[in-house]
Amino acid sequence: MKGPVKKVITDGLDGVTLKCREAWAVVREQGPGQVQFWFIALGLGIAAGGVAILFRFAVMQLQTFLYGTDDVAGLHSYAAELPWYFILLLPICGGLVVGLILDRFTNDGRSRSVAEVIEGAALREGQVEVRRGFASALASTITLSTGGSTGREGPVVHLAAVLATCVSRLIKANGITGRDLLGCAVAAAVSASFNAPIAGALFALEVVLRHFAVHAFAPIVIASVAGTVMSRLVFGDVTEFVLPVQNALAFYVELPAFLILGVVCGIVAVILMRSIFWAETVATEIQTAFHVPRFLRPAAAGALLGLIAIWFPHIIGVGYETTSAALTGKLVLHDAIVFAVLKVAAVAITVGGRMGGGVFSPSLMIGALTGLAFGGIATALVPHMSGEGTLYALAGMGAVAAAVLGAPISTTLIVFELTGDWQTGLAVMVAVSISTALSSRLVDRSFFLTQLERRNVHLAAGPQAYLLATFRVASIMRDKDDENAAPEEACWDLIRAGTYIDGNATLEQAMPVFEVTNYTYIPVVTLGDQDTPPELWGALFQVDALRAMNKALAETAAEEHS
């Protein structure tokens with residue numbers, strides 16, 4: 001009997017092994033099915049959550065070694081007791097190390113963050129740069145541990161996107177699957193970072209994928225929950241900020257004040273974003289004018305941060321201690337205003353100096369300070385009609401962060417999940433809606449989309465604008481040997497008249513030529529140096545370009561509504 005039983009078991013195991021190999025071959029060749037994809041999303045969520053936790057631990061351990069405390073929420077209190085020269089030198093040394101890392105492992109000296117993830121979702125089938133992504137994560141770890149005034153969510157989101165990219169390449173995912181994997185990884189990373197599963201899922205949909213397709217919802221939620229479970233297993237089910245008491249709101253009387261707060265927060269958010277872009281521009285001009293090596297740029301930014309931190313250590317790191325003080329009403333009006341102004345300057349210096357990190361946590365701090373200052377003034381003017389001043393800090397925190405991220409839904413939920421206070425939702429929603437409506441008119445919808453717009457990546461206007469950049473002219477043109485090709489002599493006449501397009505260009509450069517000339521086709525050439533005449537490849541027909549664009553728009557619409 002033992003022989004037949006052993007044979008049955010062996011045959012069964014061989015059969016299971018064969019089926020697993022066949023399933024893996026199908027996944028690699030044809031992409032995963034729905035149920036298979038959910039299991040992949042679960043695994044990716046666990047991995048991304050683990051990466052987010054490891055990143056947080058890395059920052060804590062390095063911070064402990066340098067500052068003598070692993071308490072992110074109490075960093076500036078510890079730093080205030082250190083010698084002034086230590087406060088000055090630490091961000092300089094950190095900036096120098098960051099500069100050397102980014103100079104060695106990136107082509108432009110920039111740290112990758114959320115903007116690159118959004119670009120990858122829109123233009124690169126859900127994939128980001130892997131090698132530069134790891135370098136950016138390392139650089140951001142050093143920045144956050146040595147006094148850089150940014151947040152950890154940007155590096156964590158990009159690091160999760162790197163994981164999703166590796167999985168996409170492993171299973172040879174198409175564009176839709178790659179973007180869904182990207183959304184799963186981002187959702188898990190955000191959820192694990194902030195213990196906010198609802199907001200993590202919505203952040204991936206609202207900010208990264210920029211649609212709420214039903215087919216993507218289930219796997220992203222699965223990954224988000226997996227990331228949250230990972231976080232709670234390590235840190236417990238705790239909120240980042242603890243409010244002392246439940247806030248009270250006199251709904252009908254006090255709501256107009258939160259409308260005004262939304263306007264104020266929208267303006268503050270725009271000031272923050274434009275300060276960062278101004279610092280980036282000025283730093284680049286100075287670097288170019290004085291031929292400063294790019295690896296020294298973060299060190300110079302670190303020197304400025306160190307000088308400010310000698311007197312105001314509140315700017316160091318993500319700023320959770322100051323944010324918590326604002327939410328609990330432990331700051332006076334003067335301090336709230338001064339700290340908000342200094343934090344804007346510090347964030348602009350850090351990001352403009354290309355030190356790495358994210359903008360979400362700093363925007364929470366600036367928003368809380370803005371709200372507290374506004375609440376202090378409002379409650380002093382009409383004390384008999386006002387609730388608690390700390391309620392304005394909570395609403396301001398959400399309003400500024402939502403305007404910076406361009407994500408009113410997910411930011412509102414993150415605020416609720418960070419504080420555990422769900423009773424003041426109306427006030428937060430009013431302030432958030434007004435601030436995002438205002439700021440989106442003054443920038444290109446959000447900080448990240450404006451970042452991309454400054455690099456000539458036009459995502460803010462929607463797929464009808466950015467899809468043109470995904471098509472190379474050479475892939476759509478008709479070769480000169482094609483049976484329906486344009487007459488060669490006519491093409492050369494147009495070339496001599498100065499009407500042609502480089503074969504390596506995209507439809508983004510080609511379509512304006514059609515508009516200006518009203519020709520039915522444009523010659524496509526290879527451009528050499530001044531002594532080499534152009535080589536004719538063929539011609540790009542307007543009808544072919546429009547057909548390709550129409551097909552891409554249809555596929556995008558189908559994905560977003562599936």
Requested in this report: For T165 and R124, run side-chain hydrogen bond (donor to acceptor under 3.5 Å, both in side chains): C-alpha distance rounded to whole Å, both residues' side-chain angles, the deciding distance at 0.1 Å, then the answer.
Outcome: CA-CA 10 Å; T165 298; R124 298 177 181 171; over 6 Å; no
**Working for side-chain contact (heavy atoms from CB on, under 4.5 Å), residues S440 and S446** = CA-CA 6 Å; S440 64; S446 72; over 6 Å; no
Per-pair distances, 0.1 Å, donor-acceptor, side chain in residues 458-468, under 3.5 Å, sequence neighbours excluded:
from, atom 1, to, atom 2, distance (Å)
H458, ND1, E453, OE2, 2.6
H458, NE2, E508, OE2, 3.3
Q464, NE2, A461, O, 2.5

Pair up each side-chain donor or acceptor in residues 402-413 with any protein partner under 3.5 Å, not counting sequence neighbours, and list the distances.
from, atom 1, to, atom 2, distance (Å)
S410, OG, E206, OE1, 2.8
T411, OG1, A407, O, 2.6
T412, OG1, P408, O, 2.6

Counting only pairs under 3.5 Å, give me each side-chain donor-acceptor contact of residues 338-353, with atom names and distances, residues two or more places apart or in other chains.
from, atom 1, to, atom 2, distance (Å)
K343, NZ, S149, OG, 2.8
K343, NZ, I315, O, 3.3
K343, NZ, G317, O, 2.9
T350, OG1, S149, N, 3.2
T350, OG1, A346, O, 2.8

Checklist entry - Salt-bridged, E129 to R112, with N to O below 4.0 Å? => result yes
Next on the checklist: Taking E280 first and then R110, would you say they form a salt bridge - that is, a charged N and a carboxylate O separated by under 4.0 Å?
Outcome noted: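 Judged by the 4.0 Å cut-off on N to carboxylate O distance, E280 and R110 do form a salt bridge.
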Contacts of F57 that satisfy ring pair (Phe, Tyr, Trp, His ring centres under 6.0 Å) - sequence neighbours left out: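 F57: ring pair (Phe, Tyr, Trp, His ring centres under 6.0 Å) contacts with F235.
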To the nearest 0.5 Å, what is the distance between [atom1] ([X]) and [atom2] ([Y])?
| X | Y | atom1 | atom2 | answer |
| --- | --- | --- | --- | --- |
| I142 | C93 | CD1 | SG | 11.5 Å |
| I337 | L331 | CD1 | CG | 11.5 Å |
| Y392 | T370 | OH | OG1 | 15.0 Å |
| I316 | L144 | CD1 | CG | 12.5 Å |

What closest approach, in Å, do [X] and [Y] show between heavy atoms, and which atom pair accounts for it?
| X | Y | result |
| --- | --- | --- |
| G99 | P298 | CA-CG, 3.7 Å |
| S113 | P155 | OG-N, 4.4 Å |
| A326 | A393 | O-CB, 3.6 Å |
| A161 | L182 | CB-CD1, 3.3 Å |
| L209 | A216 | CD1-CB, 4.4 Å |

Under 3.5 Å donor-acceptor, [X] side chain and [Y] backbone:
| X | Y | answer |
| --- | --- | --- |
| T322 | G319 | no |
| T106 | G109 | yes |
| T288 | E285 | no |

Would W84 and L88 count as a side-chain contact (heavy atoms from CB on, under 4.5 Å) if you check the C-alpha gap in whole Å, the side-chain angles of each, and the deciding distance to 0.1 Å? CA-CA 6 Å; W84 68 268; L88 174 63; 4.0 Å; yes
With sequence neighbours left out, the residues meeting side chain to side chain donor-acceptor pair (under 3.5 Å) with S224 are S191
Any heavy-atom pair between the side chains of [Y] and [X] that's under 4.5 Å?
| X | Y | answer |
| --- | --- | --- |
| T284 | R297 | yes |
| L202 | F212 | yes |
| H314 | E321 | no |

With [X] via salt bridge (charged side-chain N to carboxylate O under 4.0 Å, His left out) - residues at least two apart:
| X | result |
| --- | --- |
| E153 | none |
| R445 | none |
| R294 | D103 |
| R455 | E116 |

Between R454 and T281, a side-chain donor and acceptor under 3.5 Å:
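Distance-only check passes for R454 and T281.
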query = Without hydrogens or angle criteria, can the side chains of T506 and Q509 be said to hold a donor-acceptor pair below 3.5 Å?
reply =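 Yes - a donor-acceptor pair under 3.5 Å links their side chains.
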Expected list for residues 355-368: side-chain donor-acceptor pairs under 3.5 angstrom, two or more places apart:
from, atom 1, to, atom 2, distance (Å)
S361, OG, Y320, OH, 3.3
S363, OG, V359, O, 3.2
S363, OG, F360, O, 2.6

Item to complete: Not counting sequence neighbours, which residues clear side chain to side chain contact (heavy atoms under 4.5 Å, CB included) with P512? List them please.
Response: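 Once residues adjacent in sequence are excluded, P512 has no partner under the side chain to side chain contact (heavy atoms under 4.5 Å, CB included) criterion.
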Only pairs under 3.5 Å count here: list side-chain donor-acceptor contacts from residues 255-271, not counting sequence neighbours, and write none if there are none.
none

Begin from the C-alpha positions of R152 and T141 and carry the test side-chain hydrogen bond (donor to acceptor under 3.5 Å, both in side chains) through to its verdict. CA-CA 8 Å; R152 65 173 182 258; T141 302; over 6 Å; no
